[in-house]
Amino acid sequence: MKRIIFLLITIGGCCHFLNAQGYKNPVISGFHPDPSVCRVGDDYYLVTSSFEYFPGVPIFHSKDLINWTKIGHCLTRPSQLKLDKCAPSAGIYAPTIRYHEGRFYMVTTNVSGGGNFYVHTDNPAGEWSEPVFVDQGGIDPSLYFEDGKSYFVSNQNGITICEIDIKTGKKLTKGQTVWNGTGGRYPEAPHIYKKDGWYYLLISEGGTEYGHKITIARSRDVYGPYESNPANPILTHINEIAQSNPIQGTGHGDFIQSHDGSWWIVFLGFRPQSLLHHVLGRETFLAPVRWDANAWPVINGNGTVNIDMNVPTLPLQAVKPHDFSTSFDEVKLGADWNYLRNPFMQKYSLTEKKGSLRLKATWVSLDDNDSPTFIGRRQEHIDFSASTAMSLDNAKSGDEAGMTIFYSSQAHYDLSLKKTEKGKNKLVLRYKMGMLSHTASEVEIPSGKIYLKVEGNKDFYSFYYSLDGKEFKFLDKINIWYLSSETNGGFTGVYIGLYAASQNKSTKASADFDSFTYKPGKMN
């Protein structure tokens, strides 16, 4: 009898077996929508949307399509990414990543200004070029390369293709509409692949909600006419077969042929929690694809996917376990952290107090469509806890700092330390929900360091504080659904943020955060 030994590792709160069959979805959890993937040898690179957050377009690396490591961002400089006062869920939409003749290209849309553009690099973990703009409208742009030609595809008036000069972005041909999809609303996310002499055009339809779906057409010529697959949609959870599936809203995908010849698709979906609301945002999922010669691709047998995917995989590669927490001893913040819109970097420091992140208060508040002093990381798990240790210095009445559970400027829960008119310290828990703003709890506390904590589960966020970091006192809890996309609209997900703000334009207040701890899983 043979002995089979499995090595079990924990990555991102999920367990994956090395050299075994099967994996768990999502492969990248939390707000990571609109995934696009490319391969170079046996290395895989994946990008996702970032909307109003800076830096923009996170990029991941993998050896097996299942275990991903974030290696940076494509848009790291204000000259590449202008997000000044952009609306919630505006900014950067739906990137595509492609590799051509030794160079990586990432093409996307800044809907808040500039339109469609691409950047390029020889090192995806390093700096990317300045933007090259393309004068074609629509969103969700993609690039396709063949025989020395570069094609630009977007969803302007249907799915539209033109040829461009890849060095300058100049259009060499007029945009030509080649397909309008199967009749679903919002045909978008076009990608072109060539296989067995056919050009396959993959798109999404139905809107990025419960009715989302992926459809496909093909042609013998890149400009069409394109014939719709009689079996469309090839991926959707809108039908009865998936009505109780814990994954919903599946769509916006990108095919990849792996180094062993097998085909896969990465795509977005979301996991409803409480009363069919979701707060993590749209996440990145993976499914196998059967794609026989001259045939239509079939995703996971029946066009649906599961959390537990019992399918053959590439040999799984161990990656370094992800550290969700920090003591702020680093020279710069890690790739998990984002700012809201273009940050005022003079308001942030990791050097003014060793071992602390100093946030300097600004009069821009979390309620504004602007750039507050805010740094945050995605909520990546339905069950989690997050805590921080902080102090507020040089504060006057109107100054505050603390922790926020943030969806948008119109929806966030804030646990903050404030200075009263009498010079006292007050801990305040506030809920912001559209036009409603409610103070749920106020507690007077002594000066000095304070510890803040939030715990999340499928139904509630619960808030706590401590004066010694050991004994935490419960303040209040509130339903998760007031921060959901279903309640607020929009395309992002919840962030756990640290911030400092003031009602005084001449404020000198600052907050020192000595640590940040994030723990996935249910709390005791």
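Gly138 approaches Ser154 most closely through the heavy-atom pair CA-OG, 4.3 Å. Residues Gln273 and Leu280 come closest through the heavy atom pair OE1-CG, 4.0 Å. Closest heavy-atom contact between Phe513 and Gly402: CZ-O, 3.7 Å. In terms of heavy atoms, Ile405 sits closest to Val454 at CD1-CG1, 3.6 Å. Across all non-hydrogen atoms, the minimal contact from Pro35 to Asp254 is O-CB, 3.9 Å. Tyr499 and Asp414 get closest at one heavy-atom pair: OH-CB, 3.9 Å.
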Could you walk me through whether Trp264 and Tyr44 pass the ring-ring contact (aromatic ring centres under 6.0 Å, His included) test, one step at a time?
CA-CA 12 Å; Trp264 298 81; Tyr44 300 87; 9.5 Å; no
For a ring-ring contact (aromatic ring centres under 6.0 Å, His included) check, start with the C-alpha distance between Phe324 and His381, then their side-chain angles and the critical distance, and finish with the verdict.
CA-CA 12 Å; Phe324 294 103; His381 307 84; 5.5 Å; yes
What verdict does the ring-ring contact (aromatic ring centres under 6.0 Å, His included) test give for Phe374 and Phe406, after you've listed the backbone C-alpha separation in whole Å, the side-chain angles of each residue and the deciding distance to 0.1 Å?
CA-CA 10 Å; Phe374 165 99; Phe406 187 90; 5.4 Å; yes
Apply side-chain contact (heavy atoms from CB on, under 4.5 Å) to residues Thr109 and Asp140 and explain how you reach the verdict.
CA-CA 7 Å; Thr109 313; Asp140 300 2; 5.7 Å; no
Could you go step by step and tell me if Tyr482 and Tyr461 meet the side-chain contact (heavy atoms from CB on, under 4.5 Å) rule?
CA-CA 11 Å; Tyr482 297 117; Tyr461 291 108; over 6 Å; no
Can you list the steps and then say if Tyr223 with Glu163 is a side-chain contact (heavy atoms from CB on, under 4.5 Å)?
CA-CA 10 Å; Tyr223 286 109; Glu163 185 183 348; 4.0 Å; yes
For the pair Ile97 and Leu46, evaluate side-chain contact (heavy atoms from CB on, under 4.5 Å) and give the outcome as yes or no after the intermediate values.
CA-CA 7 Å; Ile97 188 170; Leu46 183 147; 5.9 Å; no
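Surrounding OH of Tyr93 are more than 12 heavy atoms belonging to other residues, nucleotides or ligands, all under 6.0 Å away. Under a cut-off of 6.0 angstrom, the local environment of CG in Asn479 is crowded, with over 12 non-hydrogen atoms contributed by other residues, nucleotides or ligands.
We find the CZ-CG distance between Phe267 and Leu235 to be 5.0 Å, quoted to the nearest 0.5 Å. Distance check: Leu83 CG to Ile92 CD1 gives 6.5 Å after rounding to the nearest 0.5 Å. With rounding to the nearest 0.5 angstrom, the NE2 atom of His278 is 10.5 Å from the OG1 atom of Thr487. A distance of 8.0 Å separates CD1 in Ile216 from CG in Leu201, rounded to the nearest 0.5 Å. Separation of atoms OG (Ser29) and NZ (Lys24) is listed at 13.0 Å; rounding is to 0.5 Å. Once rounded to the nearest 0.5 Å, the distance linking CZ of Arg271 with CD of Glu283 reads 4.0 Å.
Side-chain atoms of His237 come within 3.5 Å of backbone atoms of Val305 as a donor-acceptor pair (strictly under, hydrogens ignored). A distance-only check finds a donor-acceptor pair linking the side chain of Lys195 to the backbone of Trp291 [under 3.5 Å]. No side-chain donor-acceptor contact under 3.5 Å links Thr388 to the backbone of Leu452. Listed for the Tyr495 side chain is no donor-acceptor partner under 3.5 Å among the backbone atoms of Asn338. For the pair Asp43 (side chain) and His61 (backbone), a donor-acceptor distance under 3.5 Å is absent. For the pair Ser36 (side chain) and Val47 (backbone), a donor-acceptor distance under 3.5 Å is absent. Within the 3.5 Å criterion, the main-chain N or O of Asn342 finds a donor-acceptor partner in the side chain of Ser371. In this structure, the side chain of Arg77 engages the main chain of Trp128 through a donor-acceptor pair within 3.5 Å. Judged by distance alone, the side chain of Thr284 and the main-chain N or O of Val27 form no donor-acceptor pair under 3.5 Å.
Comment: Arg341 does not engage Asp370 in a salt bridge, judged by the lack of any side-chain N to carboxylate O separation of less than 4.0 angstrom. Using a 4.0 Å cut-off between a side-chain N of Lys or Arg and a carboxylate O of Asp or Glu, Asp147 and Lys194 do not qualify as a salt bridge.
A donor-acceptor pair shorter than 3.5 Å can be found between the side chains of Asp64 and Ser62. His191 and Ser142 form a side-chain donor-acceptor contact under 3.5 Å, judged by distance and modelled atom types alone. Side-chain atoms of Arg39 and Ser258 include no donor-acceptor pair closer than 3.5 Å. Side-chain contact of Tyr407 with Ser485: a donor-acceptor pair under 3.5 Å is present, judged by distance alone. Between the side chains of Asn369 and Ser409, at least one donor N or O sits under 3.5 Å from an acceptor N or O.
Two residues are said to be in side-chain contact when any heavy atoms from C-beta on lie closer than 4.5 Å; Leu333 and Phe328 meet this criterion. Counting only heavy atoms from C-beta outward, the side chains of Ser408 and Thr492 never approach each other to under 4.5 Å. Residues Leu366 and Lys432 have side chains not in contact (no heavy-atom distance under 4.5 Å, counting atoms from C-beta outward). Contact check for Phe60 versus Ile71: no side-chain heavy atoms found under the 4.5 Å cut-off. Within the 4.5 Å cutoff, the side chain of His32 has heavy atoms near those of the Lys70 side chain. Here the side chains of Ile256 and Val266 are not in contact, with every heavy-atom distance at 4.5 Å or above.
Applying the side-chain hydrogen bond (donor to acceptor under 3.5 Å, both in side chains) test to residues at least two apart or on different chains, the pairs with a partner in residues 203-214 are Thr182-Glu205, Arg185-Glu209, Glu205-Thr215, Thr208-Arg282. Within the structure, side-chain hydrogen bond (donor to acceptor under 3.5 Å, both in side chains) pairs that include any residue of residues 46-58 comprise Asp34-Ser49 (at least two apart or interchain).
Aromatic ring centres of Tyr339 and Tyr348 lie closer together than 6.0 Å. A ring-centre distance under 6.0 Å is found for Phe516 and Trp337. If you look at Phe145 and Tyr105, their ring centroids are closer than 6.0 Å.
Applying the salt bridge (Lys or Arg N to Asp or Glu O under 4.0 Å) rule to Asp368 yields no partners; only residues at least two apart in sequence or on another chain are considered. The salt bridge (Lys or Arg N to Asp or Glu O under 4.0 Å) search around Glu188 returns none, not counting sequence neighbours. In this structure, Glu486 has no salt bridge (Lys or Arg N to Asp or Glu O under 4.0 Å) partners at least two apart in sequence or on a different chain. Take Lys360 and apply the salt bridge (Lys or Arg N to Asp or Glu O under 4.0 Å) test, not counting sequence neighbours, and it matches Glu352.
The ring-ring contact (aromatic ring centres under 6.0 Å, His included) test with Tyr193 singles out one residue from Phe255, Tyr200, Tyr144, and that residue is Phe255.
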